[in-house]
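Written out below as structure tokens is the structure these notes cover.
Owing to the predicted nature of the structure, the values given are computational and were not obtained by experimental measurement.
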Amino acid sequence: MDNVVIVAACSRIRVENQSLTEKPNLVIPGDEITSDKGFTRGHGVFVRDDKIYASLPGYLQQVNRLITVKPLKSRYSAHKGDVVVGRIIEVGQKRWKVDIKTSLDSILNLSAINLPTGEQRRKCDEDEKWMREYLKEGDVICAEVMDVTSVGLVNIQIRSKVYGKLGQGTLVSVPPSLIKKRKSHIHSLSVGANIVLGNNGYIWISPGSLEKSSGFEQDFEPVPKSEQEVVSRLRNCILALAERRMMLFDTSIIYAYEVSLSYQVKELLLPTVIQDLADNTKQRLTREWTEN
């Protein structure tokens, strides 16, 4: 019988020589992160012999002197101010239940929306009768996390015109840990499509312009085939980057889209193409970070 050699995780090549300020490094339990005593231990790490190690598999992240490891796969943990994409799953008394990938369904209260007419007033019983005219089961919305209760219940709101019901488009689901936090998560891309990168891991891609007169109106005009292809290409680029565990934000998606133009849309999910797409996108991002 062949000898079996077991190597402890702590014996792997260290990541401490890599800059902690670069894009997140992938680590596994036992990986030594740093021996610098100036860093503060956060979630997902532990200290032994004055060295910081990873305690779970995930992405190494640094905020100032705080080091944390963000899990590869986990339920979305909501924070106030997060932009989320969700689907209406129930219409109740003066509120909607919305699936945003949290352990508990989030709540959108009738008082937390702007009326389609734009009126600023207290909601009444008459408004409650029209709730299904505003939002019904199956509708996809873009919203903002208003607060999170002590038991984990998430309250969301769509009082701003940048939020509301989403029209024609496609919904893509990726691990929330791959969504890079940015100042803006709603983008009108130069390629002729719009994208909403929900902090919760739901991404909405739609054709046309972001301009709309209300948070509840939808355009059901036929979408030209050329715009459908742009949406499909963006979708496959996002899935390809997610497959290679690359962070998703407007720049990385645009770079991947530009690289993808040398392939047909249906080819973008082939393993060899995914690798090529990820490698070229990573090279462009690295070159940009180096120049800046």
Checklist outcome for this item: Distance col, row Lys80:NZ vs Asp147:CG, nearest 0.5 angstrom, shows 7.5 Å
Next on the checklist: Quiz question: by atom type and distance under 3.5 Å, do the side chains of Thr40 and Arg65 form a donor-acceptor pair?
Outcome noted: no
Checklist entry - Between Glu32 and Ser35, what is the shortest heavy-atom contact and its length? => result OE2-CB, 4.3 Å
Next on the checklist: Can you confirm whether more than 12 heavy atoms, excluding those of Arg95, are under 6.0 Å from its CZ atom?
Outcome noted: no
Checklist entry - Taking C-beta and beyond as the side chain, do Ile88 and Lys97 meet within less than 4.5 Å on heavy atoms? => result no
Checklist entry - What heavy-atom pair brings Leu241 and Ala256 nearest, and what distance separates the two atoms? => result CD1-CB, 3.8 Å
Checklist entry - Same cluster or not: are Val140 and Ile107 linked, directly or through other Ile, Leu, Val, Met, Phe, Trp or Tyr residues, by side-chain heavy atoms under 4.5 angstrom apart? => result no
Item to check | Side chains of Pro176 and Asn199 in contact at under 4.5 Å (non-hydrogen atoms) | outcome: no
Checklist entry - Would you say Ile186 and Val98 are hydrophobically clustered, going by side-chain heavy atoms of ILVMFWY under 4.5 Å? => result yes
Item to check | For the student: nearest non-hydrogen atoms of Arg235 and Leu269, plus distance | outcome: NH1-CD1, 4.3 Å
Next on the checklist: Has Ser55 got a side-chain atom pairing as donor or acceptor with Pro29's backbone, closer than 3.5 angstrom?
Outcome noted: no
Item to check | Distance in Å, His185 NE2 paired with Ile195 CD1, rounded so as to fall on 0.5 Å steps | outcome: 11.5 Å
Checklist entry - Hey, quick one: are Val47 and Ile67 part of the same hydrophobic cluster, counting side-chain heavy atoms closer than 4.5 Å, chains of contacts allowed? => result yes
Checklist entry - Does any non-hydrogen side-chain atom of Ile203 lie less than 4.5 Å from one of Val196? => result no
Checklist entry - Can you find a pair of side-chain heavy atoms, one from Leu153 and one from Val148, that are under 4.5 Å apart? => result no
Checklist entry - Yes or no on side-chain contact (heavy atoms from CB on, under 4.5 Å) for Leu135 and Leu108, after CA distance, side-chain angles and deciding distance? => result CA-CA 10 Å; Leu135 296 167; Leu108 173 63; 3.7 Å; yes
Next on the checklist: Once rounded to the nearest 0.5 Å, what's the spacing between atom CD1 of Ile254 and atom CG of Leu234?
Outcome noted: 7.0 Å
Checklist entry - Would you call Arg159 and Glu144 a salt bridge, taking side-chain N to carboxylate O under 4.0 Å as the test? => result no
Item to check | Arg233 side chain near Leu261 side chain, heavy-atom distance below 4.5 Å | outcome: yes
Checklist entry - Is the Tyr134 ring parallel, tilted or perpendicular to the Trp96 ring (thresholds 30°, 60°)? => result tilted
Checklist entry - What's the shortest heavy-atom distance between Ala54 and Ile33, and which atoms? => result N-CD1, 3.8 Å
Next on the checklist: Assess, by modelled atom type and distance only, whether the side chains of Gln275 and Asp279 contain a donor and an acceptor separated by less than 3.5 Å.
Outcome noted: yes
Checklist entry - Is Gln62 reaching over with its side chain to a backbone N or O of Asn64, donor-acceptor style, under 3.5 angstrom? => result yes
Item to check | Side chain to side chain, Cys142 and Val83, heavy atoms closer than 4.5 Å | outcome: yes
Item to check | Gap between atom OG of Ser252 and atom CG of Leu178 - 0.5 Å precision | outcome: 10.0 Å
Next on the checklist: Using only atom types and a distance under 3.5 Å, with no angle test, would you say the side chain of Asn236 pairs donor to acceptor with the backbone of Val265?
Outcome noted: yes
Next on the checklist: Would the distance check show the side chain of Glu227 and the main-chain N or O of Gly192 forming a donor-acceptor pair, the cut-off being under 3.5 Å?
Outcome noted: no
Checklist entry - Atom CD1 of Ile100 and atom CG of Asp105: how far apart are they, to the nearest 0.5 Å? => result 9.0 Å
Checklist entry - Can you tell me how far NZ of Lys282 sits from CG of Leu277, rounded to the nearest 0.5 angstrom? => result 11.5 Å
Checklist entry - So, the side chain of Asn109 versus the backbone of Ser111: is there a donor-acceptor pair under 3.5 Å, distance only? => result no
Checklist entry - Between Lys51 and Lys37, does a side-chain contact (heavy atoms from CB on, under 4.5 Å) hold up when you go through it step by step? => result CA-CA 8 Å; Lys51 297 178 181 179; Lys37 296 180 181 179; over 6 Å; no
Checklist entry - Sub-3.5 Å donor-acceptor pair from the side chain of Thr170 to the main-chain atoms of Ile205, do we have one? => result no
Checklist entry - If you look at every heavy atom in Arg41 and Phe46, which pair is closest and at what distance? => result CD-CA, 3.6 Å
Next on the checklist: Strictly distance-based, threshold 3.5 Å: is any side-chain N or O of Asn200 a donor or acceptor partner for the main-chain N or O of Val85?
Outcome noted: yes
Next on the checklist: Main chain of Ile141, side chain of Asp139: is a donor-acceptor contact present, judged purely on distance under 3.5 Å?
Outcome noted: no
Item to check | Backbone of Arg245 reached by a side-chain donor or acceptor of Tyr59 within 3.5 Å | outcome: yes
Checklist entry - Does some side-chain heavy atom of Val174 sit less than 4.5 Å from a side-chain heavy atom of Leu248? => result yes
Next on the checklist: I'd like to know whether Leu268 forms a side-chain contact (heavy atoms from CB on, under 4.5 Å) with Ile274, so could you lay out the CA-CA distance, the side-chain angles of the two residues, the decisive distance to 0.1 Å, and finally the verdict.
Outcome noted: CA-CA 6 Å; Leu268 296 179; Ile274 288 176; over 6 Å; no
Item to check | Minimal non-hydrogen separation, Gly42 against Thr68, with atom names | outcome: CA-CG2, 3.7 Å
Checklist entry - Do Leu166 and Arg87 have side chains that get closer than 4.5 Å, going by heavy atoms? => result no
Next on the checklist: Using the rule that Ile, Leu, Val, Met, Phe, Trp and Tyr join whenever any side-chain heavy atoms are under 4.5 Å apart, tell me whether Leu239 and Val231 fall into a single cluster.
Outcome noted: yes
Next on the checklist: Apply side-chain contact (heavy atoms from CB on, under 4.5 Å) to residues Leu56 and His43 and explain how you reach the verdict.
Outcome noted: CA-CA 9 Å; Leu56 50 80; His43 175 74; 4.0 Å; yes
Next on the checklist: By the definition side chain to side chain contact (heavy atoms under 4.5 Å, CB included), identify the one residue from Leu189, Thr281, Val191 that meets it with Tyr257.
Outcome noted: Val191
Next on the checklist: Looking only at the side chains, is there a donor atom on one of Asn280 and Tyr255 sitting less than 3.5 Å from an acceptor on the other?
Outcome noted: no
Item to check | Hphob cluster co-occupancy, Leu270 + Ile238, side-chain heavy atoms under 4.5 angstrom | outcome: no
Next on the checklist: Any side-chain to backbone donor/acceptor pair from Ser262 onto Val259? Under 3.5 Å, distance only.
Outcome noted: yes
Next on the checklist: Less than 6.0 angstrom from the centroid, inside 45 degrees of the normal: does Lys180 satisfy that with respect to the ring of Phe249?
Outcome noted: yes
